[in-house]
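Below, read A as the first sequence line, B as the second, and so on, with proteins coming before strands; counting in each chain starts at 1. All values derive from a computational prediction rather than experimental measurement.
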2 protein chains.
Amino acid sequence: MSQAHERPTLEAVARLAGVSRATVSRVVNGSPKVAEPIRSAVRRAVEELGYIPNAAARSLVTQRTDSIALVLPESASRVFSDDPFFPSIIHGVSQELDAADKQLVLMMTNTVGGYERVERYTTARHVDGVLFASTHGVDPLPGQLHRLGMPVVVSGRPLGRSAVPYVDVDHIGGVRAAVRHLLDSGRSRIATIAGPQDMVAGIDRLAGYRAELRGSDRRSIVAVGDFTRESGATAMRQLLEDDPLLDAVFVASDLMAHGAITTLRELGRRIPEDVAVVGFDDFDISRYTDPPLTTVRQPILELGRELARQLLRVIAGEEVPPSVVLPTELVVRASA
Amino acid sequence: MSQAHERPTLEAVARLAGVSRATVSRVVNGSPKVAEPIRSAVRRAVEELGYIPNAAARSLVTQRTDSIALVLPESASRVFSDDPFFPSIIHGVSQELDAADKQLVLMMTNTVGGYERVERYTTARHVDGVLFASTHGVDPLPGQLHRLGMPVVVSGRPLGRSAVPYVDVDHIGGVRAAVRHLLDSGRSRIATIAGPQDMVAGIDRLAGYRAELRGSDRRSIVAVGDFTRESGATAMRQLLEDDPLLDAVFVASDLMAHGAITTLRELGRRIPEDVAVVGFDDFDISRYTDPPLTTVRQPILELGRELARQLLRVIAGEEVPPSVVLPTELVVRASA
DNA sequence: TCTCTCCCTGAAAGCGCTCTCACGTGCAGC
DNA sequence: GCTGCACGTGAGAGCGCTTTCAGGGAGAGA
């Protein structure tokens, strides 16, 4: 058990069990066509030697690696700040992969040459499939890999046309519910702080706001942020300059909503009495803001899991729908 | 899946370039002993065919995989809630590995059979080395792998004796600075909310508190939490029952400090006038609490990077120190 | 001009595993 | 007793790459 390089091979097990390599291989891989006495003899030999198959040798012949890559656009500094979005995705993906006994390889595209690295690595058949966390703008890589025959699933509806299957949440439905809630509670000047307009999450949430408002006689009041707390604070200030009398704001992310709340408080507005605030995400932290944030919950963990499930299906050669959209849900707390 | 199997092999490149496989291999791996004209001919062929070496075949012969595993004890539900600790570790590790052109394989030990999976996977020589994020209690796995000759580095000083190299932060120094700060500002009844006492971070931070207090004539007032916000809120309540007149509290994590602040406010205490609060972590979010949290900053990203660097050294066969301790730093804001 | 080196290059042997194919055995059917 | 057929098992051919080893060619020294 001492030296790493002396690991037992199939050969050794075969010798000890007095059978051929082929038979050991069958037992190890659970083939049904091995007689019981031999099977248990092999099992014993495997046990005794502590045999563990060499992954490289196996995948050299099977052409599978049993691992999949999750690509994160780290450029979005969102990834590992205090925004739990990506961590939750990772968590969800990891849960599903564990269950399927696959490995998770994490890749970031931020660093210099990162993009090319991802391309090389994935096309080197180092992994059986690739998952992309939602990206900014139009990313050609998923489509490219897809065209090469590599199983790919992306998170978030891709901008531009794309044949790559994706999983997304119902941004528009969630936002409409939020805005409707504001309308129903009698708010008349409802503003929004939108997310970046080169991301689907930003675009769709603004579209939802506009769509719901269109049915009323209220005018839209829009400022744009980048999903960070700071941008939320700044945007809120702009909105109040545009319309000092606004009495509600739908903010396209919880973090921006926190920023907006800070600004509102600094400027002496009471929440929700003077201004109602609704966020989007339902991060843990939003339960602890003052006042607790009314927000649209999106099932991020589930998004990650669904992503993984779809990819596993593609890898298994099953048909998958071109898109899966998970429901969102308005969570009413004290801020609106 | 169409043309995936038609990937060019060394053989194909060799044929196109009119040389042998051996020569192509040398060029691809940057061996210096290939004449220039041949080298460029091979390069051209590689380019033309879009050749990318097959990782499995390579590692079958080299016995390297160029990827390393990061094991996270997901059981600590900390991992992917709104606690940015693990995400930052991942981020740091990933940065260093990217630079070294290694891959990051993420593993969680939470799920059923997770522990055994980690063991099998890592001993299957699927990875060149293993990193462990700090764990609860005494984890035998790192030592076990280490004994098998597998390169291993752990984050956080291991409980119990262990020959495995580790990277940690200076908990005690940071806490002492925090408590000293409270003493210096004239606080006389200084309590603490400690972390779980089966984790080094919990143990050492409490030890630091005690050590610094020992030099003064103040008595220690202790409650224990589990690093979550909720436990911080609860512990704060206990402390105030123990000593309604306490005028300062050192909290062993920022999240618990947030919980404590909530409780203090609910009970009508002003911060810092009535009770000074100091946290530990310096998460982004702590800049935005009300009031902004005075806390001990620990360099988590750097911890991740150092972890990866040490492991790469071990893998390269270099000597590494048995431990590296990174400095912590008191960040004074408004809460104390 | 001949020999000795020094470089390069190619042939070939695996790395550890899977999987096809052929073959042996035992048993039912005639 | 002989043929036919399952059913298991083993031999062996690779998967695509690296690396040792030997050999060929060119240049240098005599």
- [ ] Tell me which nucleotide among dC17(C), dG16(D), dT18(D) gets nearest to the side chain of Arg21(B).
- [x] dT18(D)
Task: Euclidean distance, atom CD of residue Glu11(B) to atom P of dA12(C) [Å, nearest integer] - done: 13 Å
- [ ] Could you work out which one of dT9(D), dC17(C), dC17(D) sits closest to the side chain of Val34(A)?
- [x] dT9(D)
- [ ] Would you kindly give the CZ-to-P distance between Arg64(B) and dC17(D), to the nearest whole Å?
- [x] 15 Å
TODO: Between Ile38(B) and Ala57(B), just flag the one whose closest nucleotide in DNA chain C comes earlier from the 5' side.
DONE: Ile38(B)
Open item on the list: Does dA11(D) have OP1 or OP2 under 4.0 Å away from a side-chain N or O of Ser20(A)?
Closed with: no
Open item on the list: Without decimals, in angstroms, what is the distance between Arg7(B) CZ and dC15(D) C1'?
Closed with: 15 Å
Open item on the list: Does dT18(C) have OP1 or OP2 under 4.0 Å away from a side-chain N or O of Asn29(A)?
Closed with: yes
Open item on the list: By nearest atom, which of the nucleotides dC17(C), dC17(D), dG16(C) is closest to the Gln63(B) side chain?
Closed with: dG16(C)
- [ ] Mind calculating the distance between CD (Glu36(A)) and C1' (dT9(D)) to the nearest angstrom?
- [x] 16 Å
Open item on the list: What is the distance, to the nearest angstrom, from the NE2 atom on His126(B) to the C1' atom on dC15(C)?
Closed with: 16 Å
- [ ] Please determine, by modelled atom types, if Arg147(B) and Gln144(B) share a side-chain donor-acceptor pair under 3.5 angstrom.
- [x] no
- [ ] Just call it for Ala35(B): base, sugar-phosphate, or nothing, with non-hydrogen atoms closer than 4.0 Å on any strand.
- [x] sugar-phosphate
Open item on the list: Can you see if the side chain of Thr23(A) gets near the phosphate of dT9(D) - specifically, an N or O under 4.0 Å from OP1 or OP2?
Closed with: no
Task: Salt bridge Glu48(B)-Arg43(B), side-chain N to carboxylate O under 4.0 Å - done: no
TODO: Determine: side-chain N/O of Thr9(B) to OP1/OP2 of dG16(D), distance under 4.0 Å, yes or no.
DONE: no
TODO: For the side chain of Ala22(A), starting at C-beta, report the closest nucleotide among dG16(D), dC19(C), dC17(C).
DONE: dC19(C)
Task: Options dG12(D), dA12(C), dG16(D), nucleotide nearest the side-chain atoms of Leu60(B) - done: dG16(D)
Task: Salt bridge present between Glu47(B) and Arg44(B) (N-O < 4.0 angstrom) - done: no
TODO: Please state how far atom CZ in Arg58(A) lies from atom C1' in dG14(D), giving the value in whole angstrom units.
DONE: 17 Å
TODO: Classify the nucleic acid contact of Ser25(B) as base, sugar-phosphate or nothing, counting any heavy atom under 4.0 Å across all strands shown.
DONE: base
Open item on the list: Base of dG10(D), side chain of Arg26(A) - is there a donor-acceptor contact under 3.5 Å?
Closed with: yes
Open item on the list: Heavy atoms from C-beta onward define the side chain here; which of dC15(D), dG10(D), dT18(D) lies closest to that of Leu10(B)?
Closed with: dT18(D)
Open item on the list: So that I can tick it off, tell me whether Glu36(A) and Arg39(A) are bridged by a salt bridge, with the cut-off set at under 4.0 angstrom between side-chain N and carboxylate O.
Closed with: yes
- [ ] Grab the CZ-P distance between Arg39(B) and dC8(C) for me, whole Å please.
- [x] 9 Å
Task: Residue from Val153(B), Ile315(B), Val130(B), Val105(B) passing side-chain contact (heavy atoms from CB on, under 4.5 Å) with Ile68(B) - done: Ile315(B)
- [ ] Write down the distance between NZ (Lys33(B)) and P (dC21(D)), rounded to a whole number of angstrom.
- [x] 12 Å
Task: Sidechain N-carboxylate O distance under 4.0 Å for Asp66(B), Lys102(B) - done: yes
